[in-house]
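Heads up, the thing below is written out as structure tokens.
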Amino acid sequence: MEISYLRISVTDKCNLKCFYCRPEGMEFFEKEKLLSFEEIRNFVKALTKYGLKRVRLTGGEPLLRKDIEKLVKMLSQIPEIEDVSLTTNGITLARYAQILKKNGLNRINVSIDSLKPKLFYEMTKGNLEDVLEGIKVAKKVGLTPIKVNAVVIRGVNEEEALDFVEFAKEQKVEVRFIEMMPLGQGQIYWDLDMVKPLDLIKQKIEKKYGKLIPTTSVGSGAARVYYIPKYDIKVGFITPISNPFCDGCSKLRLTAEGNIKLCLRTEEELPVKDLLRYGTQEDLDNFIRHLLIEKERSNAQIQKSNYSFSECRRVMTSIGG
Ligand code: SAM
């Protein structure tokens with residue numbers, strides 16, 4: 001198995017409180033518990049031998065990690081790494097967009113679950129205006145193409161699908177709809193009814209804009225991406241519940257405190273921090289070879305379990321969403 005893509009969580013802290021993501025009053029990791037930038041860089045470098053080409057910084061909210069632009073620079077200077085991107089809630093993006101671009105960030109994904117300021121606030125406790133300003137500045141400095149990710153929840157924001165398409169057209173961004181997963185705080189709210197099968201959203205979009213044209217999806221392969229000729233934009237669907245995509249998945253997550261999470265569906269994590277802190281290069285190589293075998297085994301096991309989710313206590317902000 002080749003690992004071409006890695007998501008790296010740089011903090012478990014977040015400046016939003018999305019109701020389906022994390023509980024109130026969560027305790028965060030002490031600073032010493034987090035991987036240092038050098039440790040992250042060394043892990044990325046070691047993985048390039050096994051095909052790593054693209055990395056995405058996430059969190060928590062990655063823009064809350066002090067000096068994040070320095071990590072961007074360190075990763076973008078690794079010759080084998082072709083693409084450094086970042087997923088953000090956009091709240092402080094306007095402030096950081098330029099310096100991130102200057103230090104080698106290519107592009108961003110921005111999470112927006114509602115385009116209605118009041119509902120956005122109710123869902124996240126954040127101010128939508130800040131996010132829109134962030135997108136404006138990000139476009140200006142060239143952190144493009146921008147993808148906007150929206151978790152669609154039945155009875156909450158499901159009616160906004162067409163508004164998101166209009167937004168994509170106006171803002172020249174790609175929008176991607178995501179099914180809510182039973183993770184972290186999401187477990188409390190989650191039931192199959194709450195997940196809006198994205199096929200219905202797709203039908204709704206097609207009814208208004210005509211047939212969606214499938215594209216050859218790029219990136220980590222989780223999204224099924226379509227083209228809307230009428231508007232010359234793309235929309236994507238990420239369907240972990242209604243149409244899982246484990247086959248051939250080589251996606252790995254490095255958590256902020258230095259564990260490898262093989263898949264969101266299992267509790268399994270392989271700790272790598274001590275190796276990075278105290279081990280030799282040979283130890284690290286052995287770990288990565290073991291990791292590749294474990295990833296294949298985990299994929300097979302998940303498929304055998306009919307794509308079930310084990311009870312995942314970890315919230316997305318601490319895993320690295
Ligand atoms: N702070 C950054 C952001 O907002 O994009 C990165 C981390 S955030 C945890 C990443 C994404 O995970 C967000 O789009 C969020 O909506 C999504 N997410 C959190 N909990 C989820 C769940 N239970 N199911 C599906 N997506 C979830």
Side-chain angles (χ1 to χ4, degrees), residues 7-35 57-66 68 86-96 109-134 148-160 177-196 238 240-241 253-259 261 263-267 269 309-321:
R7 291 177 86 94
I8 303 167
S9 175
V10 293
T11 179
D12 59 334
K13 289 193 183 131
C14 191
N15 44 2
L16 288 185
K17 293 184 184 132
C18 301
F19 78 93
Y20 60 84
C21 183
R22 71 178 175 100
E24 291 277 342
M26 211 179 113
E27 290 203 4
F28 300 112
F29 297 132
E30 307 277 313
K31 189 165 174 275
E32 308 72 61
K33 255 199 130 187
L34 301 181
L35 289 184
L57 302 178
T58 180
E61 172 49 41
L63 301 185
L64 293 183
R65 178 80 185 247
K66 195 166 173 289
I68 182 69
L86 179 141
T87 295
T88 174
N89 59 33
I91 294 290
T92 58
L93 180 59
R95 206 183 313 154
Y96 290 103
N109 287 5
V110 184
S111 303
I112 305 181
D113 292 337
S114 174
L115 295 166
K116 297 177 181 162
K118 184 165 178 277
L119 182 57
F120 182 87
Y121 177 75
E122 283 164 11
M123 292 180 78
T124 67
K125 295 289 174 283
N127 185 342
L128 181 62
E129 270 304 308
D130 294 337
V131 186
L132 300 181
E133 182 60 23
V148 167
N149 292 331
V151 175
V152 180
I153 305 173
R154 186 177 292 234
V156 180
N157 59 354
E158 64 181 303
E159 296 304 330
E160 288 194 60
F177 300 104
I178 305 174
E179 288 173 348
M180 186 167 101
M181 292 172 279
L183 301 174
Q185 196 73 350
Q187 279 183 105
I188 298 173
Y189 296 97
W190 197 91
D191 67 55
L192 208 48
D193 252 12
M194 207 166 176
V195 176
K196 180 81 185 167
I238 301 181
I241 310 297
R253 290 178 159 81
L254 177 61
T255 67
E257 85 281 30
N259 290 344
K261 179 117 179 121
C263 173
L264 291 176
R265 286 166 202 273
T266 79
E267 285 278 81
E269 294 182 9
F309 278 82
S310 69
E311 202 188 304
C312 185
R313 286 174 296 274
R314 277 260 224 174
V315 307
M316 278 294 257
T317 47
S318 85
I319 297 169

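In this text the structure is predicted, and so the values were computed from the model without any measurement. FYI, side chains are in, hydrogens and waters are out, and symmetry mates aren't considered; it's all heavy atoms of this structure.
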**side-chain contact (heavy atoms from CB on, under 4.5 Å) involving Glu158 - partner list, sequence neighbours excluded** = Val152, Arg154, Lys196

**Item:** Test side-chain contact (heavy atoms from CB on, under 4.5 Å) applied to Leu128 - qualifying residues, sequence neighbours left out
**Value:** Ile112, Pro117, Phe120, Leu132

**Message:** Rounded to the nearest 0.5 Å, what separates atom CD in Glu159 from atom CG in Asn157?
**Reply:** 9.5 Å

**Item:** Steps toward side-chain contact (heavy atoms from CB on, under 4.5 Å) verdict (Leu119, Asp113)
**Value:** CA-CA 9 Å; Leu119 182 57; Asp113 292 337; over 6 Å; no

**Fill in**
By ring pair (Phe, Tyr, Trp, His ring centres under 6.0 Å), Phe19 pairs with (sequence neighbours left out) Tyr189

**Request:** Please report the closest heavy-atom contact between Met180 and Tyr20, naming both atoms and the distance.
**Result:** SD-CB, 3.6 Å

**Complete:** Between the CG atom in Leu86 and the CG atom in Asn109, the distance rounded to the nearest 0.5 Å is 8.5 Å

**4.5 Å side-chain heavy-atom contact, Met26 and Cys14** = no

**Message:** Does any part of the side chain of Ser111, heavy atoms only, come nearer than 4.5 Å to the side chain of Thr87, both counted from C-beta?
**Reply:** yes

**Prompt:** To the nearest 0.5 Å, what is the distance between CG (Leu16) and CD1 (Ile91)?
**Reply:** 4.5 Å

**Message:** On a heavy-atom basis, which atom in Ala256 and which in Thr11 lie closest, and how many Å separate them?
**Reply:** CB-N, 3.7 Å

**Asked** Are the side chains of Leu264 and Arg253 in touch, meaning some heavy atoms are under 4.5 Å apart?
**Response** yes

**Complete:** Contacts of Asp12 meeting side-chain contact (heavy atoms from CB on, under 4.5 Å) (sequence neighbours excluded), chain-then-number -> Phe28, Phe29, Ser318

**Asked** How many angstroms lie between CG in Asn149 and CG in Asn89, if you round to the nearest 0.5 Å?
**Response** 12.0 Å

**Request:** Of all the heavy-atom pairs spanning Val10 and Leu57, show the shortest one and how long it is.
**Result:** CG1-CD2, 4.2 Å

**Asked** How far apart are the closest heavy atoms of Glu160 and Ser114, and which atoms are they?
**Response** OE2-OG, 2.6 Å

**For Thr88, side-chain hydrogen bond (donor to acceptor under 3.5 Å, both in side chains) partners two or more places apart** = Glu61

**Item:** Interatomic spacing from CD1 in Ile8 to CG in Leu35 - rounded to 0.5 Å
**Value:** 9.5 Å

**Asked** What closest approach, in Å, do Ser9 and Gly59 show between heavy atoms, and which atom pair accounts for it?
**Response** OG-CA, 3.5 Å

**Prompt:** Would a 4.5 Å heavy-atom cut-off, applied to side chains only, mark Met123 and Val151 as touching?
**Reply:** no

**Request:** Take Ile241 and Trp190, measure what side-chain contact (heavy atoms from CB on, under 4.5 Å) needs, and give me the verdict at the end.
**Result:** CA-CA 11 Å; Ile241 310 297; Trp190 197 91; 3.9 Å; yes

**Asked** What distance do Lys13 atom NZ and Lys31 atom NZ have between them, rounded to the nearest 0.5 Å?
**Response** 9.5 Å

**Item:** Pairs where residues 121-134 contributes a residue and the test side-chain hydrogen bond (donor to acceptor under 3.5 Å, both in side chains) is met, not counting sequence neighbours
**Value:** Lys118-Glu122

**Request:** Please check if the side chain of Arg265 supplies one atom and the backbone of Pro240 the other of a donor-acceptor pair under 3.5 Å.
**Result:** yes

**Contact summary for Val131 and Val110, nearest pair of heavy atoms** = CG1-CG1, 3.6 Å

